[in-house]
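Read through the structure below, which is laid out as structure tokens, and then see the notes.
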Amino acid sequence: MAAASSCAALALCSSLTSHCKISCQNPNPHPQLSLSKSKLCSFPSPKLYTRPTFSFTRKFSQTEPPPVSEPEVEPEAALEAEAKPTTEVVESAAKEEPKREEIFAVVMIGSRQYIVFPGRFIYTQRLKGANVNDKIILNKVLLVGTKTTTYIGKPVVTNAAVHAVVEEQGLNPKVIVFKYKKKKNYRRNIGHRQPNTRIRITGITGYQDYPAVTLDSLKSVQ
């Protein structure tokens, strides 16, 4: 028995020594494969996609003349050229407009007083018997004023008259009249539109012979 165990131990030792020799000779049990650059497959490097550029050139026939390029104009010169005609138009329009006579008057129509200017229109109380496009004369002129003088009536300016034309016979906006009595079940809702007349002033005449009040006369009185 002892001989058999010794033989088994010797066999084990010999196998271990042989294994150690093999491991020392091949330190890397899994050797790495080294491939040369020539053996490697060469893949083409990816290229970025670039959009192709196209140049369009217009072809002209022999009979058609080539286009003429306009000369470049500076922005300041262009602005000045655009501004000149507008100023001329504005100046011509200002010259064509007639100057209004700087005069006004205070007239009494019915029981109310109105300030009137030539060329403007006013709304008055209903003028009975006046139709559209009728020419009327207002004789109750209380005052006439110009740029330098004033004509004050006592109570009216004699021989002064305001000429006007009737343009429209209409109605004022509606006015609501509401009546109410508490605890009596009494409610009344009434609407009313006052009739009116629109007249346009055409001129003021006849005041020149009346004595005028000027600034110099007022200073002398003081």
Next on the checklist: Can a donor-acceptor pair be found, under 3.5 Å and without considering hydrogens, that links the side chain of Thr197 to the backbone of Leu127?
Outcome noted: yes
Checklist outcome for this item: All heavy atoms of Gly129 vs all of Asp134, minimum pair found to be O-OD2, 4.5 Å
Item to check | Intermediate values then yes/no, side chain to side chain contact (heavy atoms under 4.5 Å, CB included), His163 and Thr205 | outcome: CA-CA 8 Å; His163 302 268; Thr205 59; 3.0 Å; yes
Checklist entry - Atom CD in Gln113, atom CG in Leu142: separation rounded to 0.5 Å? => result 5.0 Å
Item to check | Stepwise side chain to side chain contact (heavy atoms under 4.5 Å, CB included) check, Tyr210 with Lys154 | outcome: CA-CA 11 Å; Tyr210 194 81; Lys154 298 178 183 179; 4.0 Å; yes
Checklist entry - So, for Phe117 and Ile103, which heavy atoms are closest and what is the spacing to 0.1 Å? => result CD2-O, 3.7 Å
Checklist entry - Hey, does the side chain of Gln125 reach the backbone of Pro195 with a donor-acceptor pair shorter than 3.5 angstrom? => result no
Checklist entry - Side chain of Tyr123, backbone of Ile199: donor and acceptor closer than 3.5 Å? => result no
Item to check | Short side-chain to backbone donor-acceptor contact, Arg126 and Gly170, under 3.5 Å | outcome: yes
Item to check | Arg193 side chain to Asn172 backbone, donor-acceptor under 3.5 Å | outcome: yes
Checklist outcome for this item: Heavy-atom nearest pair, Gly191 first then Ile176, reads CA-CD1, 4.4 Å
Next on the checklist: Tell me every residue that passes salt bridge (Lys or Arg N to Asp or Glu O under 4.0 Å) with Arg200, counting only those two or more places apart in sequence or in another chain.
Outcome noted: Glu167
